[in-house]
Amino acid sequence: ERMSPILQRLAGALVEATPEWWAEGVMRVEVNRHMNGTKAMSLSIWSAQHPRDVVEATDDICTAAVALHQANRLADAEQLYRQVRQIDPQHPGACGALGVLALQVGRLDLARDLLLQAISLAPQAHFWCALADTYACMGDGAAALAAYGRARELDPQWLPAYNNAAVALLQAGSVTD
């Protein structure tokens, strides 16, 4: 698809305003399809000469995405998480958050895959708990309980792992009133 005139002007203005900074950069325009079917065009800029700026930028973008996610603006959050992953495909926060978002919209296979990838990058309790929630939604109680157990091992203070494991046990009929 063609770049919109607005993005063309934006890209040109960025290059014109900071030619020395962007001389070695890579500018990329992509059209993304969101999980809900909408389309969005994004402009991604990355400069290998300034890796520290890139890390700070991805963290800032991810923080903004989390705020949108918490405000239930899922398509906007997804777009920002994907922009972070364009810049840094190994960003565990963006990967895990996309997994949680996929779980929220019922794309369970995608959620599982993204959360497993996030865990491989940074085995954190909240990723394990979200993976367990995904397994529970998929009807795999044994895998869910194992993942909740791993979350509790990593962070014994992570209360959702205890609560959600108890709910999974009740649903499985393993615990009676």
Side-chain angles (χ1 to χ4, degrees), residues 1 7 28-46 54-172:
E1 296 189 33
L7 277 178
R28 184 171 59 201
V29 175
E30 293 188 3
V31 176
N32 298 308
R33 290 209 180 274
H34 296 293
M35 291 177 198
N36 68 3
T38 61
K39 284 190 331 184
M41 190 172 286
S42 63
L43 173 67
S44 299
I45 302 169
W46 180 78
V54 171
V55 169
E56 289 174 13
T58 57
D59 289 344
D60 289 345
I61 295 168
C62 207
T63 299
V66 168
L68 291 168
H69 197 159
Q70 291 171 340
N72 205 33
R73 292 179 53 192
L74 302 183
D76 295 330
E78 180 187 357
Q79 181 179 359
L80 292 184
Y81 292 139
R82 290 192 183 283
Q83 285 183 354
V84 170
R85 293 205 65 211
Q86 287 173 358
I87 297 166
D88 179 5
Q90 303 299 309
H91 194 285
C95 188
L98 272 172
V100 170
L101 197 148
L103 172 61
Q104 288 176 300
V105 298
R107 298 198 54 204
L108 302 180
D109 290 334
L110 178 61
R112 180 199 55 222
D113 295 347
L114 287 165
L115 289 163
L116 285 169
Q117 184 179 4
I119 288 167
S120 74
L121 298 169
Q124 298 173 8
H126 61 280
F127 293 152
W128 278 101
C129 196
L131 178 63
D133 293 343
T134 303
Y135 285 138
C137 288
M138 295 172 106
D140 190 344
L145 290 173
Y148 289 131
R150 186 68 183 120
R152 290 190 312 270
E153 289 171 11
L154 288 169
D155 185 355
Q157 303 301 313
W158 187 251
L159 297 180
Y162 293 93
N163 181 68
N164 296 3
V167 169
L169 286 169
L170 285 169
Q171 288 175 340

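Taking each heavy atom of Ala168 and Leu145 in turn, the nearest pair found is CB-CD2, 4.1 Å. Residue Phe127 comes nearest to Ala122 through the heavy atom pair CD1-O, 3.2 Å, listed as atom of the first residue, atom of the second, then distance. Contact detail for Val84 and Cys62: the closest heavy-atom pair is CG2-N, 3.8 Å. Closest non-hydrogen pair, Ala125 versus Leu154, comes out as N-CD1, 4.1 Å. Taking each heavy atom of Ala136 and Ala144 in turn, the nearest pair found is N-CB, 3.7 Å. Nearest heavy-atom pair across Leu98 and Arg85 is CD1-CD, 3.7 Å.
In this structure, the separation between NE2 on His126 and CG on Leu131 is 12.5 Å, given to the nearest 0.5 Å. Thr134 OG1 to Asp113 CG: the interatomic distance, rounded to the nearest 0.5 Å, is 10.0 Å. Taken from CZ in Arg150 to CG in Asp155, the straight-line distance is 11.5 Å, to the nearest 0.5 Å. Taking CG of Asp133 as the reference point, atom CG of Asn164 lies at 4.5 Å (rounded to 0.5 Å). Note that CD of Gln124 is 9.5 Å distant from CD1 of Ile119, once rounded to the nearest 0.5 Å. With values rounded to the nearest 0.5 angstrom, Asp140 atom CG is found 11.5 Å from Leu108 atom CG.
Counting heavy atoms from C-beta on, the side chains of Ile87 and Ile61 come closer than 4.5 Å. You'll find the side chain of Met138 reaches within 4.5 Å of the side chain of Asp109, heavy atoms only. Leu74 places none of its side-chain heavy atoms less than 4.5 Å from the side chain of Glu78. The closest side-chain heavy-atom distance from Cys137 to Tyr135 is not below 4.5 Å.
Tyr162 carries Arg152 over the face of its six-membered ring, with the cationic atom under 6.0 Å from the centre and within 45° of the normal.
With sequence neighbours left out, the side chain to side chain contact (heavy atoms under 4.5 Å, CB included) criterion links Ala97 to Tyr81. The side-chain hydrogen bond (donor to acceptor under 3.5 Å, both in side chains) search around Gln104 returns His69, not counting sequence neighbours. Listed by chain and number, the residues in a side-chain hydrogen bond (donor to acceptor under 3.5 Å, both in side chains) with Asn72 amount to none (sequence neighbours excluded).
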